[in-house]
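Structure first, then comments.
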Amino acid sequence: MATIRPFPSSFNSLTAGTTSRRTRLAFCCSCSATGDEALTVAITGATGFVGRRLVQKLLSDDHKVCVLTRSATKAASVFPSSAYPGITVAEQGDWEQCIKSSNAVVNLAGMPISTRWSPEVKKEIMQSRVNVTSKVVDHINNASADARPSVFVSATAVGYYGTSETDSFDESSPSGKDYLAEVCREWEGRARQVNEDDVRLMLIRIGVVLGKDGGALAKMIPLFMMFAGGPLGSGRQWFSWIHLDDLVDLIYESIKNPAYRGVINGTAPNPVRLAEMCDRLGQVVGRPSWLPVPELALKAVLGEGATVVLDGQKVLPVRANQLGFSYRYPYIRDALKAIAKEL
């Protein structure tokens, strides 16, 4: 049984047969998007909310995972070897070798944005995304053609579009003009520097991810259970969401299906106003949505960072629908019901 260990000791097991594995990936993608060929996938942000579930899915389908991390100790605590065989951990000095031995790279790293934005925090929000993406792209581009990953899936966010209470956005919509739109443009710009002659690039603009163990719901559910839940601000802001399992399925499909290329919105097909989301959440947990949080209070706590919860955008996954992606949870009610069953 494989164990979690620092990267150098496992280099031979990962690099052996790199070219043949890369050939199998090309064969698998040309024949079937759901083939059973074993892949090696390198992931940044693997210890995060989305990354943990992606790792679980890849391992459950007998793929191998290389966790690209700044802390092997943290990675080992999140992925104990007894529960997560098939994982190799690479700290930053070993990322290049790990990427060269992988069929695909998934980039999920980035500092959380739901906090008070000081100038220092805004700088870190930008740099945590741009710097990691640049590092990964450089390692991919510097690899020889026979050792280069075939697929690069890089996260970005629906903040790319800016905010609006009236407009709808799809993958063809222009970028907004606020700070988060600027972050997303820089983030995507670095990812686009990958050599697309040899590497299939997918940029997934992710909405609000729903699951019980992280993201927005992990903060909201305890308030509702204490009868203190309600919409934030006016409640009229759009809430473009996606269930965690659907997002992981979308990333997984992006790795394996050659039709997935370019930009795709990682959102459910039925966005809702925040007030409706809160009403639905109250219904599934058996608590009222009756205590709105005033806009002034949020701005007092979060400052400029309050824009994350006070402003929204109606984002539609046109590309995912065109590709025939099948959502497990297309409606907010069903997504919240499924999550509530896990509580």
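If you read the sequence from its start, that first residue is 1, and numbering goes on from there.
- The distance from atom CD1 of I99 to atom CG of L68, rounded to the nearest 0.5 Å, is 5.5 Å.
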Would you sort out whether I87 and V55 count as a side-chain contact (heavy atoms from CB on, under 4.5 Å), showing the intermediate values? CA-CA 9 Å; I87 287 182; V55 168; 3.6 Å; yes
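- L203 and W187 are members of different hydrophobic clusters when ILVMFWY side chains are connected at heavy-atom separations under 4.5 Å.
- Relative ring orientation between F169 and Y161 is described as parallel, the plane-to-plane angle staying below 30° on a 0-90° scale split at 30° and 60°.
- I113 has its side chain within reach of R129: a pair of non-hydrogen atoms, C-beta onward, lies under 4.5 Å apart.
- In the hydrophobic cluster analysis, where Ile, Leu, Val, Met, Phe, Trp and Tyr join through side-chain heavy atoms closer than 4.5 angstrom, L59 is grouped together with V78.
- Considering only heavy atoms from C-beta on, L58 comes within 4.5 Å of I43 through its side chain.
- Hydrophobic clustering, with ILVMFWY side chains joined whenever heavy atoms are under 4.5 angstrom apart, groups V183 together with V121.
- Side chain of R200 to backbone of S254: a donor-acceptor contact under 3.5 angstrom is found.
- To the nearest 0.5 Å, the span separating CD on E182 from CD1 on I125 amounts to 11.5 Å.
- Panel note: side chain R273, backbone E165; a donor-acceptor pair is recorded below 3.5 Å.
- Because its NZ or CZ atom is not both nearer than 6.0 Å to the ring centre of F224 and within 45° of the ring axis, R287 does not count as a cation-pi partner of that residue.
- With a 4.5 Å cut-off on side-chain heavy atoms, T267 and W241 do not count as touching.
- Residues V315 and L310 are members of separate hydrophobic clusters, defined by side-chain heavy-atom contacts under 4.5 angstrom among Ile, Leu, Val, Met, Phe, Trp and Tyr.
- Around CZ of R116, the count of heavy atoms belonging to other residues, nucleotides or ligands within 6.0 Å exceeds 12.
- Expressed to the nearest 0.5 Å, how far OG of S134 lies from CD of E186 amounts to 9.0 Å.
- A 4.5 Å side-chain heavy-atom check between L217 and L281 finds at least one atom pair inside the cut-off.
- Taking the ring centre of W117 as origin, the terminal cationic atom of K122 falls outside the region bounded by 6.0 Å and 45° from the ring axis.
- Inspection of the R205 and T156 side chains reveals no N or O donor paired with an N or O acceptor under 3.5 Å.
- Remark: side-chain polar atoms of N142 are paired, donor with acceptor, to backbone N or O of D138 under 3.5 angstrom.
- Here the side chains of V41 and V105 are not in contact, with every heavy-atom distance at 4.5 Å or above.
- In terms of modelled atom types and a separation under 3.5 Å, the side chain of Q237 and the main chain of V309 share a donor-acceptor contact.
- Looking at T40, its side chain never comes within 3.5 Å of a backbone N or O of N103 through a donor-acceptor pair.
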Quick one: do M202 and V151 satisfy side-chain contact (heavy atoms from CB on, under 4.5 Å)? Show the steps, please. CA-CA 8 Å; M202 274 297 307; V151 185; 5.6 Å; no
Chi angles and distances behind the side-chain contact (heavy atoms from CB on, under 4.5 Å) call for R148, N195: CA-CA 10 Å; R148 188 173 294 145; N195 185 348; 3.6 Å; yes
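- By the 4.0 Å N-to-carboxylate-O rule, K57 lies too far from D245 to be salt-bridged with it.
- Using a 4.5 Å heavy-atom threshold, the side chains of V272 and Y331 count as separate.
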Go through the steps for R319 and V263 under the test side-chain contact (heavy atoms from CB on, under 4.5 Å), then give the verdict. CA-CA 8 Å; R319 184 65 179 140; V263 175; over 6 Å; no
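- Looking at L343 and I221, their side chains come closer than 4.5 Å, going by heavy atoms from C-beta outward.
- For S128 (side chain) and M111 (main-chain N/O), a donor-acceptor pair under 3.5 Å exists by modelled atom type.
- Inter-residue side-chain proximity for W95 and V132 is flagged as met; some heavy-atom pair is nearer than 4.5 Å.
- When all heavy atoms are compared, the tightest approach of A75 to T69 is CB-CG2, 4.2 Å.
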Test side chain to side chain donor-acceptor pair (under 3.5 Å) on Y84 and Q56 and set out the steps. CA-CA 8 Å; Y84 293 92; Q56 292 168 359; 3.1 Å; yes
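- Here the closest non-hydrogen pair linking S101 and C98 is OG-O, 2.9 Å.
- With values rounded to the nearest 0.5 angstrom, L323 atom CG is found 5.5 Å from I264 atom CD1.
- The minimum heavy-atom distance linking H243 with A335 is given by the pair CD2-O, 3.8 Å.
- Within the 3.5 Å criterion, the main-chain N or O of G162 finds a donor-acceptor partner in the side chain of Q313.
- Nearest heavy atom pair, residue P231 against residue C278, reads CA-SG, 3.6 Å.
- Formation of a donor-acceptor pair under 3.5 Å by the D246 side chain with backbone atoms of Y329 is found in this model.
- In the hydrophobic cluster analysis, where Ile, Leu, Val, Met, Phe, Trp and Tyr join through side-chain heavy atoms closer than 4.5 angstrom, L108 is grouped together with L250.
- The two residues I242 and A268 have their closest heavy-atom pair at CB-N, 3.9 Å.
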Dump the intermediate steps for side chain to side chain donor-acceptor pair (under 3.5 Å) on S154 and N107, then the final yes or no. CA-CA 5 Å; S154 195; N107 178 34; 3.1 Å; yes
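- Looking only at distances, a side-chain donor or acceptor of S175 sits under 3.5 Å from a matching main-chain atom of Y160.
- Note: W290 CH2 to D279 CG = 14.5 Å, rounded to the nearest 0.5 Å.
- In this structure a side-chain-to-backbone donor-acceptor pair under 3.5 Å is missing from T133 to V130.
- Closest approach of K177 to A181, counting heavy atoms only: N-CB, 4.1 Å.
- Between atom CG of residue N270 and atom OG of residue S240 there is a gap of 10.5 Å, rounded to the nearest 0.5 Å.
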